Amino acid sequence: MSAAAKPAKPPRVWQRMLSGRRLDLLDPSPLDIEIEDIAHGLARVARWNGQTTGDHAFSVAQHSLIVEEIVGAREADPRWRLAALLHDAPEYVIGDMISPFKTVLGGDYKGVEARLQAAVHRRFGLPAEVPPSVKRAIKAADRVSAYFEAKLLAGFQPAEAQALFGRPSGNPPAADRFVPQPAAEVGRRYLERFRFLDALAGGIKAKVP
């Protein structure tokens, strides 16, 4: 190396949030995670890469509210309903990658997503890994919401949506849940729902040794 050469500057792997927190994507600390940042970000991240009908994007925050509602219809424990609300929380940092692109990216994307999800859970007093039955319930609710989003918003024919996401069973969410809402309104609703569930879950978490 010549005397004039300078060592390469390491790449920046953190994002600054509106709260002022700097979240490291490779080694995320729960101390750098704030629910206000999550609510604000998810309300502005579009599902389906924005390829949906309506005057507003259908946001990850609105999708998450629907998933929590579906899970909550069968799950009484507010900790797992809170986990359902937060199931896509990493996307406030890394965006909502459509499934085909996640497949292209492979393990690197999944590793970053998993570390972020675990940090979010630790920040809010949830286990890094939820019980398998809860994970299955959240995944099933996620697919139900995706089915109706595909059919009602993203231009999929019912048979195509069913082939991709399965045929929903039970009582479907009300159709008005899928009307895209303004980001500020959805962010406010997401934050309110979090605070409600977190308060309920706090009582249970305090009793768990």
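Since the structure is predicted, the reported quantities are computational estimates derived from the model, not experimental observations.
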**Message:** According to a hydrophobic-cluster definition based on side-chain heavy atoms being under 4.5 Å apart (Ile, Leu, Val, Met, Phe, Trp, Tyr only), do W14 and M17 belong together?
**Reply:** no
**Prompt:** For the side chain of N49 and the backbone of Q51, is there at least one donor-acceptor N/O pair under 3.5 Å apart?
**Reply:** no
**Fill in**
The reported gap from CG in L42 to CD1 in I35 (rounded to nearest 0.5 angstrom) is 8.0 Å
**Request:** List the atom of A141, the atom of I70, and the distance in Å for their closest heavy-atom pair.
**Result:** CB-CG2, 3.6 Å
**Request:** Evaluate salt bridge (charged side-chain N to carboxylate O under 4.0 Å, His left out) for R188 paired with E185, printing each intermediate quantity in order.
**Result:** CA-CA 5 Å; R188 181 190 62 77; E185 171 64 17; 2.6 Å; yes
**Prompt:** For Y147, what residues pass the ring pair (Phe, Tyr, Trp, His ring centres under 6.0 Å) criterion, not counting sequence neighbours?
**Reply:** none
**Item:** Whether H63 side chain and V60 backbone form a donor-acceptor pair below 3.5 Å
**Value:** no
**Message:** Within the structure provided, determine whether Q162 and P158 are in side-chain contact (heavy-atom separation under 4.5 Å).
**Reply:** no
**Complete:** dist S145:OG -> E69:CD (nearest 0.5 Å) comes out at 10.0 Å
**Item:** Connected hydrophobic set around I138, excluding itself, where side chains approach under 4.5 Å
**Value:** V67, V71, W80, V130, V134
**Prompt:** Do L200 and L82 have side-chain heavy atoms sitting under 4.5 Å apart?
**Reply:** no
**Request:** Work out which heavy atom in W48 is nearest to a heavy atom in A146; give both atom names and the distance.
**Result:** CZ2-O, 3.6 Å
**Request:** Measure from the side-chain N and O atoms of Y92 to the backbone N and O of V45, and report whether any donor-acceptor pair falls under 3.5 Å.
**Result:** no
**Request:** State, to 0.1 Å, how close P28 and A119 come at their nearest heavy-atom pair, and which atoms those are.
**Result:** O-CB, 3.8 Å
**Prompt:** Taking R122 for the side chain and A128 for the main chain, is one N or O donor matched with an acceptor at less than 3.5 Å?
**Reply:** no
**Message:** Between E113 and I94, is there a side-chain heavy-atom distance shorter than 4.5 Å?
**Reply:** yes
**Message:** Testing the 3.5 Å rule here: is there a donor-acceptor pair between the side chains of S64 and D88?
**Reply:** no
**Complete:** Residues H87 and D142: closest non-hydrogen pair is NE2-OD1, 3.2 Å
**Message:** Below 30° counts as parallel, above 60° as perpendicular, anything between as tilted: where do the rings of F194 and F124 land?
**Reply:** perpendicular
**Prompt:** So do the side chains of L116 and L23 get within less than 4.5 Å of each other, counting heavy atoms only?
**Reply:** yes
**Item:** Q181 (side chain) donor-acceptor with V179 (main chain) under 3.5 angstrom
**Value:** yes
**Under 3.5 Å donor-acceptor, D32 side chain and D24 backbone** = no
**Message:** Within the 4.5 Å heavy-atom criterion, are R193 and Y190 side-chain neighbours or not?
**Reply:** no
**Asked** If you round to the nearest 0.5 Å, how far is CD of E91 from CZ of R47?
**Response** 7.0 Å
**Test item: R123 side-chain N/O and I33 main-chain N/O as donor-acceptor pair under 3.5 Å** = yes
**Asked** Side chains of R115 and L26: closer than 4.5 Å at any heavy-atom pair?
**Response** yes
**Message:** Within a 6.0 Å radius of atom CG on D55, are there more than 12 heavy atoms belonging to other residues, nucleotides or ligands?
**Reply:** no
**Fill in**
Closest heavy-atom pair, E68 versus A84, reported as atoms and distance to 0.1 Å, is CA-CB, 4.0 Å
**Message:** Minimum heavy-atom separation for R79 and D77, please, with both atom names.
**Reply:** NH2-OD2, 2.6 Å
**Item:** Flag side-chain contact, heavy atom, 4.5 Å: E34 against H40
**Value:** no
**Request:** Check the angle between the aromatic planes of F178 and F58 and answer parallel, tilted or perpendicular using the 30° and 60° thresholds.
**Result:** parallel
**Prompt:** Would a distance-only check, ignoring hydrogens and angles, find a side-chain to backbone donor-acceptor pair under 3.5 Å from Q62 to V186?
**Reply:** no
**Message:** Between E160 (side chain only) and G155 (backbone N and O only), is there a donor and an acceptor less than 3.5 Å apart?
**Reply:** no
**Request:** Report the distance from atom CG of L191 to atom CD1 of I38, rounding to the nearest 0.5 Å.
**Result:** 10.0 Å
**Message:** Please check this pair: side chain of R143 against backbone of L164, looking for a donor-acceptor N/O pair closer than 3.5 Å.
**Reply:** yes
**Asked** Between L65 and F196, is there a shared hydrophobic cluster once you connect ILVMFWY residues whose side-chain heavy atoms come closer than 4.5 Å?
**Response** yes
**Request:** Run the salt-bridge test on R195 and E36 with the 4.0 Å N-O cut-off and return the result as yes or no.
**Result:** yes
